[in-house]
Amino acid sequence: NWTDLNCIVFHGNQESREMIVEHEFEFPGRSDCLKFNVMITTWEVVMADERDKLLANIPWDVVIVDEAHRLKNADSKTFKSLQAFNAV
């Protein structure tokens, strides 16, 4: 292995994402400690999560967005959604 980081891919339909949350997000009985260091997801999943704010409530150290063209407008839905993220 080239890294010890634990990476998850948060993708799929609502049922698939719920299963990922149930099995891959937190250690049993430890809501203060995430199982993963890196999450890869899509713009569509971030937008779908806007109502539940699951992703926005994670204490992120870094958020990298490969959608720069969507962030140029401060009034865009993407820009506003990412502003709600709990990032250091």
Side-chain angles (χ1 to χ4, degrees):
N1 287 339
W2 63 274
T3 183
D4 292 329
L5 294 175
N6 186 21
C7 180
I8 64 169
V9 178
F10 192 59
H11 194 261
N13 61 27
Q14 181 69 30
E15 185 178 342
S16 297
R17 293 191 312 269
E18 287 171 2
M19 186 173 291
I20 293 168
V21 169
E22 183 178 338
H23 296 283
E24 301 296 331
F25 262 54
E26 300 171 344
F27 293 101
R30 300 251 348 246
S31 62
D32 64 329
C33 186
L34 296 171
K35 283 184 168 181
F36 61 91
N37 306 103
V38 176
M39 174 191 285
I40 298 172
T41 193
T42 64
W43 173 81
E44 290 81 9
V45 170
V46 171
M47 292 297 103
D49 182 64
E50 189 174 25
R51 180 185 50 115
D52 297 330
K53 302 273 187 237
L54 173 71
L55 300 178
N57 289 324
I58 293 173
W60 301 103
D61 287 332
V62 176
V63 175
I64 298 172
V65 180
D66 186 22
E67 295 290 338
H69 63 282
R70 297 181 197 256
L71 298 176
K72 289 181 181 179
N73 180 355
D75 294 323
S76 74
K77 189 174 181 180
T78 303
F79 187 88
K80 289 179 180 179
S81 293
L82 290 175
Q83 276 189 315
F85 271 47
N86 181 13
V88 176

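This one's a predicted model, so the numbers in the text were calculated from it and none came from an experiment. The analysis underlying the following values was restricted to heavy atoms, covering all of them including side chains, and did not include hydrogens, waters or symmetry mates.
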> Are the side chain of Asn6 and the backbone of Lys35 linked by a donor-acceptor contact shorter than 3.5 Å?
Replying inline: yes

> Atom CE of Met39 and atom CH2 of Trp60: how far apart are they, to the nearest 0.5 Å?
Replying inline: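 It comes to 4.0 Å.
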
>> List the residues meeting salt bridge (charged side-chain N to carboxylate O under 4.0 Å, His left out) with Lys53, not counting sequence neighbours, and say none if there are none.
In response: none

>> Which heavy atom of Asn37 sits nearest to which heavy atom of Asp4, and what is that distance?
In response: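 The pair with the smallest heavy-atom distance is OD1-O, 4.3 Å.
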
> Is it the case that one hydrophobic cluster holds both Val46 and Val38, taking links as side-chain heavy atoms less than 4.5 Å apart, direct or via other members?
Replying inline: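 No; tracing contacts between hydrophobic side chains, which count when under 4.5 Å, never links both residues.
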
>> Membership question, hydrophobic clusters at under 4.5 Å side-chain separation (ILVMFWY): are Phe79 and Val63 in the same one?
In response: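 Shared cluster, yes.
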
> Residues two or more places apart in sequence or in another chain: which of them pass side chain to side chain contact (heavy atoms under 4.5 Å, CB included) with Ile64?
Replying inline: Val62

>> Could you work out, with side chain to side chain contact (heavy atoms under 4.5 Å, CB included) as the rule, every residue matching Ser16, not counting sequence neighbours?
In response: Asn13

>> One pair to check against side-chain contact (heavy atoms from CB on, under 4.5 Å): Asn57 and Phe85. What are the steps and the verdict?
In response: CA-CA 6 Å; Asn57 289 324; Phe85 271 47; over 6 Å; no

>> Considering only residues two or more places apart or on different chains, which pairs with a residue in residues 77-86 satisfy salt bridge (charged side-chain N to carboxylate O under 4.0 Å, His left out)?
In response: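 Residue pairs passing salt bridge (charged side-chain N to carboxylate O under 4.0 Å, His left out), neighbours aside: Glu50-Lys77.
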
> For residues 5-16, which residue pairs qualify under salt bridge (charged side-chain N to carboxylate O under 4.0 Å, His left out), counting only residues two or more places apart or in two chains?
Replying inline: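 Residue pairs passing salt bridge (charged side-chain N to carboxylate O under 4.0 Å, His left out), neighbours aside: none found.
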
> Yes or no on side-chain contact (heavy atoms from CB on, under 4.5 Å) for Leu55 and Phe10, after CA distance, side-chain angles and deciding distance?
Replying inline: CA-CA 10 Å; Leu55 300 178; Phe10 192 59; 3.9 Å; yes

Without placing hydrogens or testing angles, list every side-chain donor-acceptor pair under 3.5 Å for residues 20-30, not counting sequence neighbours.
from: Arg30; atom 1: NE; to: Asp32; atom 2: OD1; distance (Å): 3.2

> Passes side-chain contact (heavy atoms from CB on, under 4.5 Å), Ile40 versus Ile8? Steps please.
Replying inline: CA-CA 6 Å; Ile40 298 172; Ile8 64 169; over 6 Å; no

>> Suppose we screen for side chain to side chain donor-acceptor pair (under 3.5 Å). Which residues come up paired with Gln14, at least two apart in sequence or across chains?
In response: Arg17, Glu18

>> Here's a test for you: under side-chain contact (heavy atoms from CB on, under 4.5 Å), which of Val9, Leu5, Ile58 qualifies with Phe36?
In response: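 One option only clears the test, and that one is Ile58.
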
>> Tell me whether Met19 at atom CE has more than 12 heavy atoms from other residues, nucleotides or ligands lying less than 6.0 Å away.
In response: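 Open.
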
